[in-house]
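In what follows, a structure is listed as structure tokens, so that the remarks can point back to it.
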Amino acid sequence: MPELPEVEVTRLSVAGVTGARVLGLRLGKPLRWPLGAEPEVAHGRTVGEIQRRGKYLWLPLLNAGQADGGLLWHLGMSGSLSWLAQAPPAGPHDHADLHTDRGTLRLTDPRRFGAVVWSPALGQDPAAKLLARLGPEPFDPALTPQGFHAALRQRRVAIKQALLSGELVVGAGNIYASDALFEAGIDPRTRCDRIAAARAARLLAAVQRVLTEAIAAGGSTLKDFKDAHGTVGQYQGQARVYGREGQACQRCGGTIKRLVQGQRATYYCPGCQH
DNA sequence: AATGGCGCCTGAACGC
DNA sequence: TGCGTTCAGGCGCCAT
């Protein structure tokens, strides 16, 4: 799924839920992690402002104005949220419904790698444990080219896999990691500690540029993804290399190649990336 | 400590 | 048409 752009597009499209009063929480088949509380805990609470951290969404649920709990959502690989004025009966892949007086927030996730987890706060367990290993946000001003380079120097894995891990910077999954490396002109197999400062700076800028473009395009819809109003993303049509094996590189005209790293497909242009 | 690999679950696309 | 195989956007956990 859903990489950072899709989660951000989802966040923006469900903003209307803020201020709604929760009528009930219904869960379907088990998701990746259990809710960790009785669904009734949400009842009668007021929805606060939805936030994003990495590929997670945090929905505060205020109890008489007190911020003492909320729901942490993850879309896994095939999940999407819908904001429904009139929710039809839950289908076989609808595994969470947050019913409110303004509509229903519904998680649809065929593969069930997603999750909805109750937590007393974003900074407390279980949410804190799930977020503990996340690297910096890509648009955090504290993430400098110098800091990014310093983090790269401590790793020997291939840069593509390091980007996927989210420990250097969160948000780039398989689509955007490939495209960002193309933008930066870096071979995806390059060891992190062989990337000099100038190239590291170029890579960080490329990650930011690709993610920004993807958010503007409404994300990528390879199959399941839709925003909360049912709109599909458009980035997949403008991908630089992702999913374009055998096609011509837009920059040099060479042929885009596919390889496998850590059991994941990587796409790159041998002519443009070194 | 860092790294590589596995598995969770379902559906679609493909080859025979 | 039917069946088996392969592949998918993530990520925590395990063994090395």
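Letters A, B, ... mirror the listed sequences (proteins, then strands); counts begin at 1.
Within a 6.0 Å sphere centred on CZ of A/R251, heavy atoms belonging to other residues, nucleotides or ligands number more than 12.
Figure legend: A/R53 and A/Y56 shown without cation-pi pairing, the cationic atom not lying both under 6.0 angstrom from the six-membered ring centre and within 45 degrees of its axis.
Taking atom CZ of A/R264 as the reference point, atom P of B/dG4 lies 15 Å away to the nearest angstrom. Regarding A/E245, its CD atom lies at a distance of 18 Å from the P atom of B/dA13, rounded to whole Å. Between the CD atom of A/E3 and the P atom of C/dA8 there is a distance of 13 Å, rounded to whole Å. Here the C1' atom of nucleotide C/dC11 and the CZ atom of A/R53 are 15 Å apart, to the nearest Å. Going from atom CG of A/N174 over to atom P of C/dC7 covers 14 Å, rounded to whole Å. Summarising the geometry, the separation between CG on A/D109 and C1' on C/dG9 is reported as 12 Å, rounded to the nearest angstrom. Residue A/K55 contributes atom NZ, which lies 11 Å from atom P of C/dG9 at whole-angstrom precision. The distance between atom CD of A/E6 and atom P of C/dC11, rounded to the nearest whole Å, is 12 Å.
Here A/Y235 does not reach the OP1 or OP2 of C/dG9: none of its side-chain N or O atoms lies under 4.0 Å away.
Between C/dC7 and B/dG5, the distance separating the two P atoms is 16 Å to the nearest Å. Rounded to whole Å, the separation between the P atoms of C/dT6 and B/dC6 comes to 14 Å.
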Worked verdict on A/F182 versus A/C269 for side-chain contact (heavy atoms from CB on, under 4.5 Å): CA-CA 7 Å; A/F182 173 82; A/C269 172; 3.8 Å; yes

Between A/V157 and A/C192, is a side-chain contact (heavy atoms from CB on, under 4.5 Å) present by the stated rule, with each step listed? CA-CA 6 Å; A/V157 284; A/C192 291; 4.2 Å; yes

Dot-bracket for DNA chain B, please. Rules: Watson-Crick or G-U, both distances under 3.5 Å, ( ) within the strand, [ ] when a pair crosses earlier ones, | for another strand, . otherwise. .|||||||.|||||||

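For A/W33, the listed nucleotide lying nearest its side chain is C/dG12; candidates were C/dG12, C/dC7, C/dG10.
In this structure, the side chain of A/E137 engages the main chain of A/G54 through a donor-acceptor pair within 3.5 Å. In terms of modelled atom types and a separation under 3.5 Å, the side chain of A/H93 and the main chain of A/A90 share no donor-acceptor contact. Without hydrogens or angle criteria, A/H99 side chain to A/R26 main chain gives no donor-acceptor distance under 3.5 Å. For A/T231 (side chain) and A/D227 (main-chain N/O), no donor-acceptor pair under 3.5 Å exists by modelled atom type.
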Enumerate donor-acceptor pairs with a distance under 3.5 Å from any side-chain N or O in residues 171-181 of chain A to protein atoms, sequence neighbours excluded.
unit_1	atom_1	unit_2	atom_2	d
A/N174	OD1	A/K160	NZ	2.7
A/N174	ND2	A/A265	O	3.0
A/Y176	OH	A/E6	OE2	2.5
A/Y176	OH	A/S220	N	3.4
A/Y176	OH	A/S220	OG	2.7
A/S178	OG	A/Y267	N	3.2
A/D179	OD1	A/R240	N	3.4
A/D179	OD1	A/V241	N	3.0
A/D179	OD1	A/Y242	N	3.1
A/D179	OD2	A/Y235	OH	2.5
A/D179	OD2	A/R240	N	2.8

Which pairs of donor and acceptor atoms, one on a side chain in residues 63-76 of chain A, lie under 3.5 Å apart (sequence neighbours left out)?
unit_1	atom_1	unit_2	atom_2	d
A/D68	OD1	A/R45	NH1	2.8
A/D68	OD1	A/R45	NH2	3.4
A/H74	ND1	A/G76	N	2.8

For residues 146-156 of chain A, which side-chain donor-acceptor pairs fall under 3.5 Å, sequence neighbours excluded?
unit_1	atom_1	unit_2	atom_2	d
A/H149	NE2	A/I195	O	3.2
A/H149	NE2	A/A197	N	3.3
A/R155	NH1	A/E167	OE1	3.3
A/R155	NH2	A/E167	OE1	3.1

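Nucleic acid contact class of A/G262 (heavy atoms, under 4.0 Å, all strands): none. In this structure, A/R191 reaches neither bases nor backbone, as no heavy-atom distance under 4.0 Å exists between it and the strands shown.
For A/P145, the side-chain contact (heavy atoms from CB on, under 4.5 Å) partners are A/A201, A/L204, not counting sequence neighbours. Here A/R194 pairs with A/T190, A/R191 under the side-chain contact (heavy atoms from CB on, under 4.5 Å) rule; sequence neighbours left out.
Contacts between residues 208-217 of chain A and DNA chain B, counted as heavy-atom distances below 4.0 Å, involve no residue at all. Contacts with DNA chain B (heavy atom under 4.0 Å) in residues 144-166 of chain A: A/R155, A/R156, A/V157, listed by number.
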Between protein and nucleotides 6-12 of chain B, map the contacts as a letter string: B base, S sugar-phosphate only, - none, heavy atoms under 4.0 Å, written 5' to 3'. BBBBBSS

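Note on residues 7-22 of chain A: pairs passing salt bridge (Lys or Arg N to Asp or Glu O under 4.0 Å), not counting sequence neighbours, are A/E8-A/R11, A/E8-A/R52.
Within the 4.5 Å cutoff, the side chain of A/D97 has no heavy atoms near those of the A/L25 side chain.
Membership of the apolar cluster around A/L259 extends to A/Y268, as traced through chained side-chain contacts below 4.5 Å between ILVMFWY residues.
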Can you name the atoms? Protein N/O to nucleotides 13-16 of chain C N/O, anything below 3.5 Å, with the distance.
none

